[in-house]
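Lettering of chains follows the sequences in order, A, B, ..., and the numbering in each one begins at 1. Atoms considered below: every heavy atom in the structure, side chains included; atoms not considered: hydrogens, waters and symmetry mates. Only a predicted model underlies this, so the values are computations on that prediction, with no experimental measurement involved.
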2 protein chains.
Amino acid sequence: MSVTREKILELGENLIRTKGYNAFSYQDISSELGIKNAAVHYYFPSKENLGTSIVKTNIQRFEEMVDNMVNRKFNEWQQLETFIKIYVKSYREHKKCLVGSLSPDYNTLNETTKVELKKMIEMILKWLTELLDRGRNNEVFAFKDAPDSKALIIFSSLVASLQLTGIMEKIDYKCLQQSILDDLKP
Amino acid sequence: MSVTREKILELGENLIRTKGYNAFSYQDISSELGIKNAAVHYYFPSKENLGTSIVKTNIQRFEEMVDNMVNRKFNEWQQLETFIKIYVKSYREHKKCLVGSLSPDYNTLNETTKVELKKMIEMILKWLTELLDRGRNNEVFAFKDAPDSKALIIFSSLVASLQLTGIMEKIDYKCLQQSILDDLKP
DNA sequence: AAATATACTTACTAATTAGTAAGTAAAAAA
DNA sequence: TTTTTTACTTACTAATTAGTAAGTATATTT
C-alpha cells in the first residue's frame with residue numbers, strides 16, 4: 001500500500017481525535033503532508049470514504065490486538081490490562097479515542113461511516129462482556145452486575161474520562177485506571 | 001428577556017446536543033425559527049457568544065437544581081437519583097448531554113466557551129465528589145474508591161453511555177442507571 | 001520502444017459558512 | 001407629537017468547504 005495513503009489515514013485519525021470529524025478538512029491534511037488538496041481526493045474520493053476507512057483501520061487494529069492476546073495465551077486480567085493500556089497511551093498523547101470523538105457527531109456522519117462505527121462499538125462491547133463473564137467464571141474477576149452492564153460502565157468510563165482529562169488537567173487517568181481494576185479484584 | 005433570544009438559546013443547545021458544535025450553523029437556527037440569519041447575529045453577535053451563553057445557561061440550571069434539592073432537604077441518595085434522572089430524560093429525548101457533546105470539540109472552541117465548559121465540569125465533579133463523600137459518612141452510600149475517583153467514574157459512565165445509546169439501540173440506559181445505584185448500596 | 005498505469009498538480013466550481021453595514025417598521029419613551 | 005429604542009430584514013462579503021476535470025511527470029509493463 002502507498003506511503004502517502006497511510007500517512008493520510010494516520011493524520012486523518014489524529015485530526016478526528018483532536019479536532020473532531022466536522023472540524024477537520026482535506027486542507028488540514030494536504031498542507032501538513034505538503035501535497036495538494038486534490039491529492040487527498042485521489043486516495044480518498046470523499047470525506048465519507050476517508051472517515052469510513054479510518055474506522056475500518058481501527059476495527060482491524062482491535063481484531064489484531066485480540067488475536068495477539070489469544071495467541072500469547074493472556075488470561076482475562078492481562079487482557080483487560082492490555083485493553084486499558086490503549087487508553088492510558090491516548091491520555092499521554094493528549095488524544096481522545098476514536099469512538100469518543102465520533103459518537104457525538106454520529107447524526108452527521110454518512111451511512112457507511114455510521115455502519116462501521118456501530119460495528120466497532122458492538123465488537124468492543126461484545127469482547128469486553130465475554131471477557132468479564134469468562135473472567136468471573138474463572139474467579140479472575142469479581143463483580144455483582146450483569147457482564148454487559150459492567151462492560152458498558154467500564155468502556156464508558158474509559159471513553160468519557162479521556163475526554164474530560166483533555167479539559168481538566170488535574171484528573172489523574174492512571175488513578176482511574178487503577179480504580180477500575182481494583183473494583184474487579186476478587 | 002426576549003422570547004426569540006430564549007428560543008435561539010434552546011434551539012442552539014438542542015443542535016449542539018444532536019449534531020455537535022461544529023456541524024450546526026446560524027442558518028439551522030434562523031430557518032427553524034422563520035427569521036433571517038442576521039436576526040440571530042442581532043442577539044448573539046458571534047457563534048462564540050452563543051456557545052458561551054448556552055453553557056452559562058446550563059451552569060445556571062445545574063445551580064438551580066442543586067439549590068432546589070438542598071431547600072427540599074433531599075438526602076444524598078435522593079440527590080444522586082435526581083441527578084441521574086437528567087440523563088434518563090436526555091436518553092428518552094434522544095439527546096446527548098452538553099458536556100459529552102462539547103468535550104470532543106474542546107480544542108476548536110473559543111477561549112470564553114472553553115472557560116465556561118471547564119467551569120461546568122469542575123462544578124459537577126466537585127458537587128458529585130462531595131455528595132458521595134458525605135453520603136458515605138452518613139452510611140447512605142458504600143464504596144471502596146476515593147470519592148473523586150468514584151465521582152469521575154459515575155459521571156463518565158452517564159455521559160459516555162448516553163452517547164453510545166444514541167448509536168446502539170439495544171443498550172438499556174435504565175438498566176445502567178440501576179447498576180450505578182445498586183453498586184452504591186450499603 | 002510504445003503503451004499504460006501511478007501519483008500526483010493546476011485550476012477551477014458551487015455551496016456553505018460566520019459575520020456586517022445599512023435600512024425599516026412598530027413600539028415605547030420623551 | 002417627536003424621538004429613540006427594539007427587533008428585526010435586505011443585501012452583501014470574504015473565507016472556507018468538499019469535490020472535479022484535465023493535465024503532467026515518472027515509473028512500470030508489454
Student: Anything under 4.0 Å to a heavy atom of chain B counts; send over the first and last such nucleotide of DNA chain D, read 5' to 3'.
Tutor: D:dT6 to D:dT10
Student: Any cation-pi pair here, A:Lys47 with A:Phe24, using under 6.0 Å and within 45°?
Tutor: yes
Student: Do you see a donor-acceptor pair shorter than 3.5 Å between the side chains of A:Glu48 and A:Thr112?
Tutor: yes
Student: Among residues 28-50 of chain A, which ones have heavy-atom contacts with DNA chain C below 4.0 Å?
Tutor: A:Ile35, A:Lys36, A:Ala38, A:Ala39, A:Tyr42, A:Tyr43
Student: Pull out every residue in residues 7-25 of chain B that has a heavy atom closer than 4.0 Å to any atom of DNA chain D, ordered by number, or say none.
Tutor: none
Student: Once rounded to the nearest 0.5 Å, what's the spacing between atom NZ of A:Lys174 and atom CD of A:Gln177?
Tutor: 7.0 Å
Student: According to the ring-ring contact (aromatic ring centres under 6.0 Å, His included) rule, which pairs have a member within residues 136-167 of chain A, sequence neighbours left out?
Tutor: A:Trp77-A:Phe141
Student: Give, for atom CD of B:Glu93 and atom CG of B:Asn14, the distance between the pair rounded to the nearest 0.5 Å.
Tutor: 8.0 Å
Student: Please report the interatomic distance CG(B:Leu125) to OG(B:Ser156), rounded to the nearest 0.5 Å.
Tutor: 7.5 Å
Student: Under a 3.5 Å cutoff, is there a donor and acceptor pairing between the side chains of B:Asn110 and B:Thr52?
Tutor: no
Student: A:Ser53 vs A:Asn49, test: side-chain contact (heavy atoms from CB on, under 4.5 Å). Steps then yes/no.
Tutor: CA-CA 6 Å; A:Ser53 298; A:Asn49 199 294; 3.8 Å; yes
Student: Quick test of your reading: applying ring-ring contact (aromatic ring centres under 6.0 Å, His included), list the pairs with at least one residue in residues 162-186 of chain A, sequence neighbours left out, ordered by first then second residue.
Tutor: A:Tyr91-A:Tyr173
Student: Is there any ring-ring contact (aromatic ring centres under 6.0 Å, His included) pair reaching into residues 43-67 of chain A, and which pairs are they, with sequence neighbours excluded?
Tutor: A:Phe62-A:Trp127
